[in-house]
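One structure is given here, and the rest of the page talks about it.
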Amino acid sequence: MDWYLDILKNKYAQFTGRARRKEYWYFVLFNLLASIALGVIDGITGTYSDDAGLGLLGGIYALAVFIPSIAVAMRRLHDTGRSGWWLLLALIPILGFLVLLVFMLLDSEPGDNQYGPNPKVGV
């Protein structure tokens, strides 16, 4: 939970630096759990819209975590030695998602790289 809150509090729009796999995937996990919980609440309260495929609370939450999600994904790509521009692969249906998934699963580039020191060092 600390990884998720740290991104929202301290690294909300930090696009520079590197993010460990652990930081990225914990953020994704808690983001998914929060989205499911808000979807259930939207369904119970009747604020879910079938046309939009999203509820009121879920929509507000999605807007709130949009920038932090991009920022942590960009830092994760930096950790593997890639530019944040690789996120544009998400615009390619299916194949772009699969390539990004592989990039996000790869281990950190050892040592320092052009985006900063390895976040694993000293942990």
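If you read the sequence from its start, that first residue is 1, and numbering goes on from there.
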Problem set entry | Spacing of Met104 atom CE and Phe97 atom CZ [to the nearest 0.5 Å] | 10.0 Å

Exercise. Val65 and Phe30: side chain to side chain contact (heavy atoms under 4.5 Å, CB included), yes or no, with the steps?
Worked result: CA-CA 11 Å; Val65 296; Phe30 284 109; over 6 Å; no

For this session: Decide if atom CD1 of Ile94 counts as having more than 12 heavy atoms of other residues, nucleotides or ligands within a radius under 6.0 Å.
Result: no

For this session: Measure the spacing between CG of Asn113 and OG1 of Thr80 and express it to the nearest 0.5 Å.
Result: 8.5 Å

Problem set entry | Exercise: identify the closest heavy-atom pair between Pro119 and Ala19 | CG-C, 4.4 Å

Seminar exercise, completed: Ser108 and Lys120 have their tightest heavy-atom pair at OG-CE, 3.8 Å

For this session: Heavy atoms only: give me the nearest Leu87-Ala73 pair and the separation to one decimal.
Result: CD2-CB, 3.7 Å

Problem set entry | Asp107 CG to Asn118 CG distance, which is reported to the nearest 0.5 Å | 8.0 Å

Exercise. Is the number of heavy atoms from other residues, nucleotides or ligands under 6.0 Å of Trp25 CH2 greater than 12?
Worked result: yes

Exercise. Would Leu33 and Leu5 show up in the same hydrophobic cluster when neighbours are defined by side-chain heavy atoms closer than 4.5 Å?
Worked result: yes

For this session: Using the six-membered ring wherever Trp is involved, compare the ring planes of Tyr115 and His78 and label them parallel, tilted or perpendicular (cut-offs 30° and 60°).
Result: parallel

Exercise. Out of curiosity, Tyr24 OH to Ser69 OG, how far, rounded to the nearest 0.5 Å?
Worked result: 8.0 Å

For this session: May I ask you to test the Val102-Leu98 pair for a side-chain heavy-atom distance under 4.5 Å?
Result: no

For this session: Calculate, to the nearest 0.5 Å, the distance between atoms CZ and CD1 belonging to Phe15 and Ile67 respectively.
Result: 6.0 Å

Problem set entry | Within one Ile-Leu-Val-Met-Phe-Trp-Tyr cluster: Ile92 and Trp85, side-chain cutoff 4.5 Å | no

Exercise. Do Ile70 and Leu101 belong to the same hydrophobic cluster, where Ile, Leu, Val, Met, Phe, Trp and Tyr are linked whenever their side-chain heavy atoms lie under 4.5 Å apart, directly or via other members?
Worked result: yes

Exercise. Between Ile60 and Leu56, is a side chain to side chain contact (heavy atoms under 4.5 Å, CB included) present by the stated rule, with each step listed?
Worked result: CA-CA 6 Å; Ile60 292 170; Leu56 176 66; 4.1 Å; yes

For this session: Over all heavy atoms of both residues, which pair between Trp86 and Leu77 is shortest? Give the atoms and the distance, please.
Result: CB-CD1, 3.8 Å

Exercise. Do Val72 and Lys11 come within less than 4.5 Å of each other through their side chains, counting heavy atoms only?
Worked result: no

Exercise. Between Arg20 and Asp79, is there a side-chain N and carboxylate O pair less than 4.0 Å apart?
Worked result: no

Exercise. Can you hop from Leu38 to Phe66 via hydrophobic side chains spaced under 4.5 Å?
Worked result: yes

Exercise. Atom CD1 in Ile7, atom CG in Asp2: separation rounded to 0.5 Å?
Worked result: 11.5 Å

Problem set entry | Over 12 foreign heavy atoms within 6.0 Å of CZ, Phe103 | yes

Exercise. Does the Arg18 side chain pair with the main chain of Gly116, one donor and one acceptor, at a distance under 3.5 Å?
Worked result: yes

Exercise. If Ile, Leu, Val, Met, Phe, Trp and Tyr residues are connected whenever their side-chain heavy atoms lie under 4.5 Å apart, and connections chain through other members, are Leu95 and Leu106 in the same group?
Worked result: yes

For this session: Dump the intermediate steps for side chain to side chain contact (heavy atoms under 4.5 Å, CB included) on Arg21 and Arg76, then the final yes or no.
Result: CA-CA 7 Å; Arg21 274 187 298 194; Arg76 179 69 200 125; 2.8 Å; yes

Exercise. Does a side chain donor of either Asn31 or Tyr61 reach within less than 3.5 Å of an acceptor in the other side chain?
Worked result: yes

Exercise. So do the side chains of Leu8 and Phe27 get within less than 4.5 Å of each other, counting heavy atoms only?
Worked result: yes

